[in-house]
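All remarks here apply to the structure that follows.
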There are 2 protein chains.
Amino acid sequence: MMKSKIEAKLQSLVTVCRSQGLALTVQRRVILENLAGRTDHPTADQIYSAIKDRLPGVSRTTVYRVLEAFVDLGIIQRISNPGATARFDAETGRHHHLVCLRCQKVHDLNSPSLNSIPLPSRDEAAFDITDYSITFTGTCLDCQAGVSS
Amino acid sequence: MMKSKIEAKLQSLVTVCRSQGLALTVQRRVILENLAGRTDHPTADQIYSAIKDRLPGVSRTTVYRVLEAFVDLGIIQRISNPGATARFDAETGRHHHLVCLRCQKVHDLNSPSLNSIPLPSRDEAAFDITDYSITFTGTCLDCQAGVSS
DNA sequence: CTCCGTGCAAAAGGTTTGCACTGGT
DNA sequence: ACCAGTGCAAACCTTTTGCACGGAG
């Protein structure tokens with residue numbers, strides 16, 4: 001029953017690959033299976049470590065490439081902001097961010113109503129929450145106007 | 001009037017430095033002034049590029065070190081998840097994340113009430129929002145239990 | 001005067017790229 | 001058989017670290 005989630009993922013991989021004419025390689029299957037089967041949010045390298053036993057000779061490069069392909073296909077998600085380089089903000093109060101998926105710019109959003117959403121309880125989250133920030137993703141008006149390639 | 005925000009930041013820098021016995025160097029002032037004066041969320045390198053005219057001979061290293069110091073002092077904020085390495089998630093539906101500031105692990109949080117917060121309007125945000133994700137920061141129960149160094 | 005902070009250079013990740021080969025369709 | 005996908009090695013980019021000098025407190 002927990003397994004069906006993994007299988008659903010693998011199924012969508014099959015479907016997407018078929019429709020896009022992409023190769024359904026062992027590497028892709030194993031990588032997706034591994035990622036779908038864990039609840040932490042591994043880095044590429046952690047996935048590499050986890051699968052290299054089952055897939056001897058697999059290379060780190062492949063893991064990176066496969067993960068990137070999956071993200072493009074919408075099968076998996078990359079968390080952290082795009083570009084993965086640290087960004088800094090002089091605004092230290094609680095505020096939120098609008099990340100443009102096209103140009104990757106980050107805009108601030110101050111909205112009082114968003115600054116007091118009900119926090120999950122310590123018990124519900126199994127976590128001691130001290131703060132939060134909402135990241136909205138979408139397209140900024142500039143990018144909508146100048147529709148480039 | 002817009003300038004007072006920058007000055008307030010510089011003022012807090014002065015205060016903090018005094019109270020902590022830290023040096024109030026030109027580099028620190030210029031870097032903070034630059035960051036406080038822009039609304040994008042620059043990377044360390046973007047700040048470096050911006051200030052190297054006004055501060056010839058400044059090194060990238062210093063920018064990194066100063067920014068890190070500011071983050072520690074609570075004067076500025078680092079956005080993107082800690083560690084800055086990309087993490088992947090097979091869960092593509094809307095869900096939220098609990099990031100432990102101590103061990104940097106990322107946990108999922110599914111909470112129906114958080115999945116339907118009122119989105120800012122397109123006009124309010126000047127942005128076409130397609131999705132969002134809330135990142136809660138704090139300490140996970142494991143880290144609270146095993147209080148390590 | 002004493003250290004903290006800086007600059008340089010080099011190291012240390014993490015990620016990407018070029019090229020030849022292998023394997024899926 | 002063809003072309004996408006893979007593996008390897010090297011390149012690349014961002015960030016960190018060691019060490020000696022210079023300026024702030």
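A note on names: the letters A, B, ... follow the listed sequences, proteins ahead of strands, and every chain is numbered from 1.
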> Less than 4.5 Å apart, any side-chain heavy atom of S133(B) and any of F136(A)?
Replying inline: no
> Does a side-chain N or O from Q27(A) land closer than 4.0 Å to OP1 or OP2 of dG7(D), or not?
Replying inline: yes
>> Given dT16(D), dT6(C), dA24(D), identify the nucleotide with an atom nearest to the side chain of T61(B).
In response: dT16(D)
>> Let me spell it out: for each of L22(B) and T43(B), pick the nucleotide of DNA chain D with the closest heavy atom. Which residue's pick is nearer the 5' end?
In response: T43(B)
> Does a salt bridge link D131(A) with R94(A), judged by any charged N lying under 4.0 Å from a carboxylate O?
Replying inline: yes
> Closest to the R65(A) side chain: dT17(D), dC8(D), dG5(D)?
Replying inline: dC8(D)
> In whole angstroms, how far is the P atom of dG24(C) from the CZ atom of R29(A)?
Replying inline: 9 Å
>> Would the base of dG25(D) count as contacting R18(B) through its side chain, where contact means a donor and an acceptor less than 3.5 Å apart?
In response: no
> How do E68(B) and V26(B) order along DNA chain D: which one's closest nucleotide is nearer the 5' end?
Replying inline: E68(B)
> Is the shortest distance from a Lys or Arg side-chain nitrogen in R60(B) or D45(B) to a carboxylate oxygen in the other one below 4.0 Å?
Replying inline: yes
>> How many whole angstroms separate atom CZ of F88(A) from atom P of dT14(D)?
In response: 13 Å
> Whole-Å distance between dT6(C) P and I51(B) CD1?
Replying inline: 10 Å
> For Y64(B) and dT16(D), is the shortest distance between a side-chain N/O and OP1 or OP2 below 4.0 Å?
Replying inline: no
> Regarding D89(A) and H95(A), is there a side-chain donor-to-acceptor distance under 3.5 Å anywhere?
Replying inline: yes
>> Does a side-chain N or O of T62(B) approach OP1 or OP2 of dG7(C) to a distance below 4.0 Å, or not?
In response: yes
> How many Å lie between CG on L24(A) and P on dG5(D), as a whole number?
Replying inline: 11 Å
> Once you round it to whole Å, what is the distance between P of dG5(C) and CG of D72(B)?
Replying inline: 12 Å
> Base, sugar-phosphate alone, or nothing: which one does R28(A) contact when heavy atoms must sit under 4.0 Å apart?
Replying inline: sugar-phosphate
> In whole Å, what is the span from the CG atom of L55(A) to the C1' atom of dG7(D)?
Replying inline: 12 Å
> Across the strands shown, which category fits G21(A) at heavy-atom distances under 4.0 angstrom: base, sugar-phosphate, nothing?
Replying inline: nothing
> Could you go step by step and tell me if S59(B) and T62(B) meet the side-chain hydrogen bond (donor to acceptor under 3.5 Å, both in side chains) rule?
Replying inline: CA-CA 5 Å; S59(B) 85; T62(B) 298; 3.3 Å; yes
> Separation of F70(A) atom CZ from dG5(D) atom P, in whole Å?
Replying inline: 11 Å
> Once you round it to whole Å, what is the distance between C1' of dT15(C) and CZ of R87(B)?
Replying inline: 16 Å
>> Looking at T25(A), I'd like to know whether one of its side-chain N or O atoms comes within less than 4.0 Å of OP1 or OP2 on dT6(D).
In response: yes
